[in-house]
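Beneath this line is the structure, given in structure tokens, with notes to follow.
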Amino acid sequence: MLSTIVVTVLVTMLLVLIAINVATPEKKLERKIEHRHSISDEQFTREMSVLLGPAILPGNRIIPLQNGNEIFPAMLDAIRRARTTITFETYIYWSGKVGREFAEALAERARAGVAVTVTVDWAGSLKMDDDLLDCMKEAGVNVHHYRPLYWYSLTRLNNRTHRKLLVVDGVVGFTGGVGIADQWLGNAEDEHHWRDMHFRIEGPVVAQVQAAFNDNWIKSTGEVLNGEEYFPPLDPIGNSPAHVFISSPASGSESMHLMYLMAIAAAKESVDLCASYFVPDRLISQALIAARERGVRVRIMVPGHYIDSFTVKIASKACWGPLLLAGIEIHEYRPTMLHLKMLIVDREMVSVGSTNFDIRSFRLNDEASLNVYDGEFAAAMTEVYEHDLERAVAYSYEAWKRRPLKRRLIEMFITPIRSQI
Ligand SMILES: O=P(O)(O)OC[C@H](O)CO
């Protein structure tokens, strides 16, 4: 009898100890970041460099690509010109015309002797037929599924790689919002062709894109891809200072969150945000409102009627009230699904890449973003932003208050799980 009690007490203590260890994570960012310096201030870029990891490197050329019409030909052209190495990481890879073209182009290069390495997220590629994988594997492409479903990895099932990275011969890089699927074909001309941007990158910062690819490759395979064919010397080729940085729950998950908070806190004149999935947390909402209160014009562009996630649509709108009331502008893009992820601050800094403006991207997914600190580039991106804005309609606080009761009820169910969507 006594021994049963002792064993029960010991087992209970052990379970409590385990529960406390599991339920007491390290602290996340929870305090507001004050406005101390502006984007053009050297202190701002110095802090961005050291806090996010990779140094800001001068001498890059960043070419914006609009929609599938420009994005896919540019990526495929770079792949077809590869001489030594291709590294490619993507979240969405679905069967279809685009998926087939990429698989065949990658396979062709592998057959020609190029070392082709591909990381495809397991969940993001559930709609990818096996024949595309076979086509690549038979040609010698080294393809890995990121975090496939195994009984022993269930705790990591919710942490996907959402990164979108392509590097060819270590000298040309690409990142942006695009997935490998037919939704992105065309020129955003109707609801079947999404609006998105990707960026062709040349110059010293390409090495950071390569390093970002290596991060998950090492995690998946234990192998590092190095040597001159992956990291050649990269001379300055343009005028844009930039860096590429990553975030992951496995290491430095707060980088993205921190980057957005610091950039918004630094804003003096304007914050222009284009967010395909806009579900801000409390800190981000506070930061946007604080920026507005110190006179910053804050414009947020989100998808309107056309959005592929009903839950995001509901969770997003549920948080618009205080933002609109503070004078923040929210515009709904009309022609098609707006999938672009871009932040422009004070027409000085631009952030683009895979990162959505939601809690999943800040806390759960592996992301990679490119920050460019170049007024000329930011001005060009502001023009693009304003062109898109002409195809959007402003949403008002009055309209938000008039949301139907049914919608408010659904919001009550979705809001508690908004970090997961
Ligand atoms: O997660 P994203 O931003 O790559 O978007 C993918 C879409 O949700 C696919 O439906």
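Counting convention: from 1, in listed order, for ligands and their atoms alike.
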Tell me every residue that passes side chain to side chain donor-acceptor pair (under 3.5 Å) with Q66, counting only those two or more places apart in sequence or in another chain.
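Result, side chain to side chain donor-acceptor pair (under 3.5 Å) vs Q66: R195.
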Does S351 have any side chain to side chain donor-acceptor pair (under 3.5 Å) partners at least two apart in sequence or in another chain, and if so, which?
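S351 satisfies side chain to side chain donor-acceptor pair (under 3.5 Å) with N371 only.
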About how many Å separate CD of Q210 and CG of N226, when rounded to the nearest 0.5 Å?
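Answer for the CG-CD pair, N226 versus Q210, is 10.0 Å.
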Non-neighbouring partners of Y395 that pass ring pair (Phe, Tyr, Trp, His ring centres under 6.0 Å), sequence neighbours left out:
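Y395 satisfies ring pair (Phe, Tyr, Trp, His ring centres under 6.0 Å) with W320 only.
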Has the side chain of N187 got a donor or acceptor atom that lies under 3.5 Å from a matching backbone atom of N69?
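Not a single qualifying donor-acceptor pair exists.
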Do D308 and Y277 come within less than 4.5 Å of each other through their side chains, counting heavy atoms only?
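Contact flag for D308/Y277 side chains = yes.
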Within the protein, residues bringing a heavy atom under 4.0 Å of ligand 1, chain by chain
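Residues Y91, I92, W94, H162, K164, Y277, D308, H339, K341, N356 each place a heavy atom under 4.0 Å from ligand 1, listed by chain and number.
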